[in-house]
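Structure, as structure tokens:
Both backbone and side-chain heavy atoms feed into the values below; hydrogens, waters and symmetry mates do not. This one's a predicted model, so the numbers in the text were calculated from it and none came from an experiment. Proteins come first, then strands; the chains are lettered A, B, ... in the order of their sequence lines, and each starts at number 1.
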Number of protein chains: 2
Amino acid sequence: MTVSSIDQRVSLAVSTVIFALRPHPESGLMTLWLPLVRRIREPYEGMWALPGGPLEADEDLVASAQHTLERTTGLAPHYLEQLYAFGRVDRSPDDRVVSIVYWALVRQEEVARAVDGENVEWFVADDLPQLAFDHAQIVDYALARLRAKITYTPIAHAFLPPEFTLADLRAVHEAVLRTTLDPANFRRQALGTKTLVPTGTCLQGTSHRPPALFRFEAGAPSPAPEEHR
Amino acid sequence: MTVSSIDQRVSLAVSTVIFALRPHPESGLMTLWLPLVRRIREPYEGMWALPGGPLEADEDLVASAQHTLERTTGLAPHYLEQLYAFGRVDRSPDDRVVSIVYWALVRQEEVARAVDGENVEWFVADDLPQLAFDHAQIVDYALARLRAKITYTPIAHAFLPPEFTLADLRAVHEAVLRTTLDPANFRRQALGTKTLVPTGTCLQGTSHRPPALFRFEAGAPSPAPEEHR
DNA sequence: TCAAAAGTGTTGGCACTACACCCATGT
DNA sequence: ACATGGGTGTAGTGCCAACACTTTTGA
């Protein structure tokens, strides 16, 4: 086997799968969306890809993901977690790239519309165009992780403003999991986690009984290392 | 901020936390052990560290972990999974290293004793010496992951020979989780997973009723990407 | 008064724990 | 016979889905 003239070094990139909730263009139902970036050079020029970039030598992994997020959406994430490191030799033609991928949750209302311009566009997460590299597989895995994790950890609040009703919270779960949930049982289960604190106030002007407002209270931190932002 | 003369590139390493079961030297109870490698150069020269090495340009991540495993224990893993990518800027003095860490389960009987020589030594996982870099934190996280995962996925068989009794399987769980488990309930729960197939034969010569032998049957594969060895 | 969602109560099923009990072997 | 773990049965408990029902608002 001959040593080709190709760069022998392995380069390291950090990419981020960014999720937000927004109504589906057809059905109008709340759905997961994510921003993609159009590639402006080979390989895969013109195709859509996950936002990201090379890891700088003086930059933590999380910091790199946060910078990508800031560049892509103009905001700081409400939730950010490492997803997986992808490193198959052939995942990029010509050169060798290992990507450490993060996933993030943001609030759609906060996304600066200005950024959504030239090379950034939001897509329905379950109906994406063809993606560059192995990014389709990565998104699938991120989706699976999000859907699994929302059922056993309180991350749904990352999609919501500081104060919200239980109906809001339930709507997030329903959108992410693409199901309907029993309001009564959801309420009990949500309150059972001890992560919700009633603000004492109610939401007014609802054409029905005013729902109580809650705030999220951080419980025991997850055992994941290094993510102490 | 001045650019120092230090290498500006980020280097990428793959390390592996290798677990095996072996009796505790004092209590005699089955316990988790893992092999460490003595560092033969700075930084942390003379200290114990996780086995691993730089990622070769033509090598998959899993392959790299497998090579480390082969080098350290002389065998192929029965279970291998990516743990996490550790990349804090200051985790190594002087240079910048991102480590993608795997964890593996092996059978103690298979470990080639010859390898356990010069710079490799096995330690009780819950009673380690001071480790180089952030490796103590890494081991803690690997232990947590193993103990969590053994409760909801059938990985215990990776410590066992192809055929085993339910008592063997239970002993593995008890050793990993450091508890005792009710034999009757453990049996039902284990059989409930539908991953155990009775071989039809029984283990003879036990001074009591001969226990049935089982074989592990792979169920639905996990949704983790890329680990299709 | 009515519609609509908030919030509470009730019931049946399922899973898991604890523990009693019988079974099959070697000594 | 008896000690030892293998293996089965069973009652109690707690969680969860389903769904009936009451409450509180705006229109």
How long is the line joining [atom1] of [X] and [atom2] of [N], in whole Å?
{"X": "A/L169", "N": "C/dG7", "atom1": "CG", "atom2": "P", "value": "13 Å"}
{"X": "B/L181", "N": "C/dC19", "atom1": "CG", "atom2": "C1'", "value": "16 Å"}
{"X": "B/F186", "N": "C/dA15", "atom1": "CZ", "atom2": "P", "value": "18 Å"}
{"X": "A/L203", "N": "C/dA4", "atom1": "CG", "atom2": "P", "value": "18 Å"}
{"X": "B/H208", "N": "D/dG5", "atom1": "NE2", "atom2": "C1'", "value": "4 Å"}
{"X": "A/Q204", "N": "C/dA4", "atom1": "CD", "atom2": "P", "value": "20 Å"}
{"X": "A/F164", "N": "C/dA5", "atom1": "CZ", "atom2": "P", "value": "20 Å"}
{"X": "B/L196", "N": "D/dG7", "atom1": "CG", "atom2": "C1'", "value": "15 Å"}

Between B/R187 and B/D182, is there a side-chain N and carboxylate O pair less than 4.0 Å apart?
->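 A salt bridge is absent here (no side-chain N lies under 4.0 Å from a carboxylate O).
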So if I take every side-chain heavy atom of [X] and compare against [options], which nucleotide ends up nearest?
{"X": "A/N185", "options": "D/dA17, C/dA18, D/dT8", "answer": "D/dA17"}
{"X": "B/S207", "options": "C/dG26, C/dA6, D/dT24", "answer": "C/dG26"}
{"X": "B/R209", "options": "D/dC19, D/dG5, C/dT17", "answer": "D/dG5"}
{"X": "B/A184", "options": "C/dA6, D/dT8, D/dG6", "answer": "D/dT8"}

Contact under 4.0 Å: B/R187 side-chain N or O vs D/dT8 OP1/OP2 |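 Answer yes for this pair, as a side-chain N or O of B/R187 is under 4.0 Å from OP1 or OP2.
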If we ignore angles and hydrogens, is there a donor and acceptor under 3.5 Å between the side chains of B/Q82 and B/Y84?
->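 Short answer, no.
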Using only heavy-atom distances, determine whether the side chains of B/R170 and B/T165 contain a donor-acceptor pair under 3.5 Å.
->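 On atom types as modelled, these side chains do not qualify, holding no pair under 3.5 Å.
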Scan B/A212 against the nucleic acid and name what it touches under 4.0 Å (heavy atoms): base, sugar-phosphate only, or nothing.
->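 It contacts sugar-phosphate atoms only.
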Return yes if some donor-acceptor pair links the side-chain N/O of B/W33 with the main-chain N/O of B/A20 below 3.5 Å, else return no.
->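 Between the backbone of B/A20 and the side chain of B/W33 there is no qualifying donor-acceptor contact (under 3.5 Å).
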Nearest-nucleotide comparison on DNA chain D, the residue closer to the 5′ end among B/R188 and A/D182 |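 Taking each residue's closest nucleotide, the earlier one in sequence belongs to B/R188.
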Should the pair A/H157 and A/F216 be assigned to parallel (<30°), tilted (30 to 60°) or perpendicular (>60°) ring geometry?
->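 A/H157 and A/F216: parallel rings.
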